[in-house]
Amino acid sequence: MPNKLSNQTLSTQTPSSLITLAVAPAKVIRGSHILQTAAAEIAKLGSRPLIVAGNSTVAISQESLQPILENHNLHIAQASYGADCTEASLKALQKAAKEHKADVIIGIGGGKSLDTAKLVAHQLDIPVATIPTSAATCAAWTALSNVYSEEGAFLYDVALSCCPDLLILDYDLIQTAPQHTLVAGIGDAIAKWYEASVSSGHLEQSLIIASVQQARVLRDILFQKSVVALQQPGSGAWQEVVDATVLLAGVIGGLGGAQCRTVAAHAVHNGLTHIAGHNSIHGEKVAYGILVQLRLEEMVQGNQLAASARQQLLKFYAEIGLPQKLGDLGLGNITLGELQKAAEIALTPQSDIHRLPFKVALEQLMAAMVSTTAPTDSRDAVHRVSTRGISDEVEE
């Protein structure tokens with residue numbers, strides 16, 4: 001399959017009269033201590049796996065996965081994707097896979113590792129198995145990969161032909177991840193409701209209705225279970241939250257398609273990657289982006305439900321440790337120029353922010369980005385927000 005990455009910009013998900021959905025992985029195995037069982041399933045996909053891992057998960061792969069695969073007489077090679085899913089790392093991994101004569105790709109690690117593994121398998125037209133080592137995203141589920149620059153800036157996404165052939169969710173493996181990764185996963189997953197409801201809540205197609213309602217269920221699970229889950233890792237509540245962030249969040253995008261997947265929260269994330277680099281992880285930026293989206297609905301539409309939702313989220317974020325403002329993302333000293341750059345990228349013509357039911361001007365987005373913790377009785381009218389006012393807020 002030819003590599004056309006360099007010709008793609010920001011999003012490959014263009015409207016079409018032909019609707020195709022990649023709803024779910026062909027098989028999902030979940031439980032405790034299940035890698036041994038899962039190895040037999042991997043062997044059904046191929047005999048020469050290339051394991052794609054990040055620098056921090058290479059050791060996990062060598063200790064936990066490789067011995068089990070070797071017991072099934074699989075011929076294994078391993079390669080690191082580096083720090084990000086980049087065009088350079090994709091090319092290097094394609095080369096490694098061809099040299100190994102790989103007939104299946106195994107991605108093990110966080111979202112970027114899994115995105116890389118999925119995209120390499122897609123390019124080579126071979127099966128892929130995903131093994132998440134944290135619950136920070138639903139990347140193990142989805143038919144989508146994000147590509148970044150070497151500096152960690154989001155460049156574009158690639159819609160894949162199908163979801164992974166196999167997803168292995170081992171709770172014991174997930175539990176070894178730092179707790180802030182699950183917190184970030186909660187932020188990424190809860191965004192599904194705020195984005196899907198505003199972009200697709202008015203639509204009447206059956207699967208989209210189902211997707212939006214699943215997003216509501218997902219939000220409610222996270223509101224009800226997250227605090228206990230974080231207090232009691234490994235508990236029933238913890239497993240439910242892990243399932244919600246890794247699996248149920250993927251279901252929503254699978255059923256509803258791109259229309260339900262991302263709106264302003266993810267667009268703000270994409271813009272922030274161009275100024276924040278690796279200072280924070282995906283779900284943390286997305287969580288902040290939800291507050292920006294709600295603030296826009298408040299300011300531009302005068303939407304009081306959005307104002308109430310933002311205050312509810314601010315309280316929830318404080319309880320579990322999600323970022324509420326730019327300073328919480330390590331961007332407390334952001335300059336006006338950097339703020340404008342992030343906002344401009346979030347507003348590019350291909351951006352998902354345009355799924356909002358109203359137009360957003362650059363100045364409006366910048367104002368929302370610096371006022372995510374504003375009180376609900378704020379009388380800020382967006383047409384009265386000046387660049388000078390934004391500068392004052394940034395410098396405070």
Side-chain angles (χ1 to χ4, degrees), residues 24-82 85 89 92-94 96-122 124 126-142 145 162-178 181-182 185 233-234 238-239 242-243 245-247 250:
K27 179 173 284 190
V28 176
I29 302 175
R30 63 190 177 103
S32 298
H33 302 295
I34 59 167
L35 283 183
Q36 182 70 49
T37 302
E41 295 296 332
I42 293 172
K44 294 177 183 178
L45 299 177
S47 61
R48 300 186 64 85
L50 174 69
I51 300 173
V52 174
N55 294 332
S56 60
T57 50
V58 166
I60 294 175
S61 171
Q62 291 173 339
E63 294 171 11
S64 303
L65 182 61
Q66 286 196 38
I68 295 171
L69 296 179
E70 288 168 354
N71 286 340
H72 284 76
N73 298 317
L74 300 183
H75 301 281
I76 304 162
Q78 180 164 290
S80 172
Y81 74 94
C85 178
S89 65
L93 288 167
Q94 282 187 49
K98 290 175 180 177
E99 289 177 349
H100 179 58
K101 298 182 180 178
D103 54 6
V104 59
I105 303 293
I106 303 172
I108 180 167
K112 291 182 178 180
S113 177
L114 303 182
D115 274 3
T116 307
K118 291 186 298 182
L119 188 45
V120 170
H122 172 78
L124 298 176
I126 59 177
V128 62
T130 54
I131 307 174
T133 56
S134 77
T137 73
C138 58
W141 182 285
T142 60
S145 290
C162 59
C163 293
D165 299 88
L166 177 65
L167 190 166
I168 302 164
L169 179 59
D170 189 310
Y171 295 121
D172 298 281
L173 189 56
I174 297 291
Q175 198 173 339
T176 65
T181 60
L182 179 56
W238 178 87
Q239 288 189 5
V242 169
D243 285 351
T245 60
V246 179
L247 307 179

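Side chains are part of it too, since the values below use all heavy atoms of this structure and drop only hydrogens, waters and symmetry mates.
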If you measure from [atom1] on [X] to [atom2] on [Y], what distance do you get to the nearest 0.5 Å?
{"X": "D172", "Y": "S32", "atom1": "CG", "atom2": "OG", "result": "4.5 Å"}
{"X": "L173", "Y": "H33", "atom1": "CG", "atom2": "NE2", "result": "11.0 Å"}
{"X": "L93", "Y": "K98", "atom1": "CG", "atom2": "NZ", "result": "12.0 Å"}
{"X": "H75", "Y": "H100", "atom1": "NE2", "atom2": "NE2", "result": "8.5 Å"}
{"X": "L166", "Y": "I131", "atom1": "CG", "atom2": "CD1", "result": "7.5 Å"}
{"X": "L50", "Y": "I76", "atom1": "CG", "atom2": "CD1", "result": "10.5 Å"}

Would the distance check show the side chain of [X] and the main-chain N or O of [Y] forming a donor-acceptor pair, the cut-off being under 3.5 Å?
{"X": "S113", "Y": "G110", "value": "no"}
{"X": "K27", "Y": "I168", "value": "no"}
{"X": "D103", "Y": "G46", "value": "no"}
{"X": "T245", "Y": "G185", "value": "no"}
{"X": "T57", "Y": "G109", "value": "no"}
{"X": "K118", "Y": "A139", "value": "yes"}
{"X": "D165", "Y": "A129", "value": "no"}

For this session: Just jot down the salt bridge (Lys or Arg N to Asp or Glu O under 4.0 Å) partners of D243, sequence neighbours excluded, or say none.
Result: R30

Quick one: are [X] and [Y] in side-chain contact, heavy atoms under 4.5 Å?
{"X": "I29", "Y": "L167", "value": "no"}
{"X": "P127", "Y": "I105", "value": "no"}
{"X": "V120", "Y": "Y81", "value": "no"}
{"X": "S64", "Y": "L35", "value": "yes"}
{"X": "P25", "Y": "W141", "value": "yes"}

Exercise. So I106 and V128, side-chain contact (heavy atoms from CB on, under 4.5 Å) or not? Walk me through it.
Worked result: CA-CA 6 Å; I106 303 172; V128 62; over 6 Å; no

Minimum heavy-atom separation for [X] to [Y], with atom names?
{"X": "T181", "Y": "S134", "answer": "OG1-CB, 3.7 Å"}
{"X": "A117", "Y": "V52", "answer": "CB-CB, 4.1 Å"}
{"X": "G54", "Y": "S80", "answer": "C-OG, 4.0 Å"}
{"X": "A39", "Y": "L69", "answer": "CB-CD2, 4.0 Å"}
{"X": "W238", "Y": "Y171", "answer": "CH2-O, 3.4 Å"}
{"X": "I108", "Y": "S61", "answer": "CG2-CB, 4.1 Å"}

For this session: Answer yes if the side chains of K112 and T137 hold a donor-acceptor pair under 3.5 Å, and no otherwise.
Result: no

For this session: Applying side-chain contact (heavy atoms from CB on, under 4.5 Å), run through Q175 and Q239 and close with a yes or a no.
Result: CA-CA 10 Å; Q175 198 173 339; Q239 288 189 5; over 6 Å; no

For this session: Any chance you could lay out the side-chain contact (heavy atoms from CB on, under 4.5 Å) test for L182 and V242, step after step, and finish with the verdict?
Result: CA-CA 7 Å; L182 179 56; V242 169; 4.3 Å; yes

For this session: For side-chain contact (heavy atoms from CB on, under 4.5 Å), just list the numbers for V104 and I126, CA-CA rounded to whole Å, side-chain angles, deciding distance to a tenth of an Å, and then say yes or no.
Result: CA-CA 6 Å; V104 59; I126 59 177; 5.7 Å; no

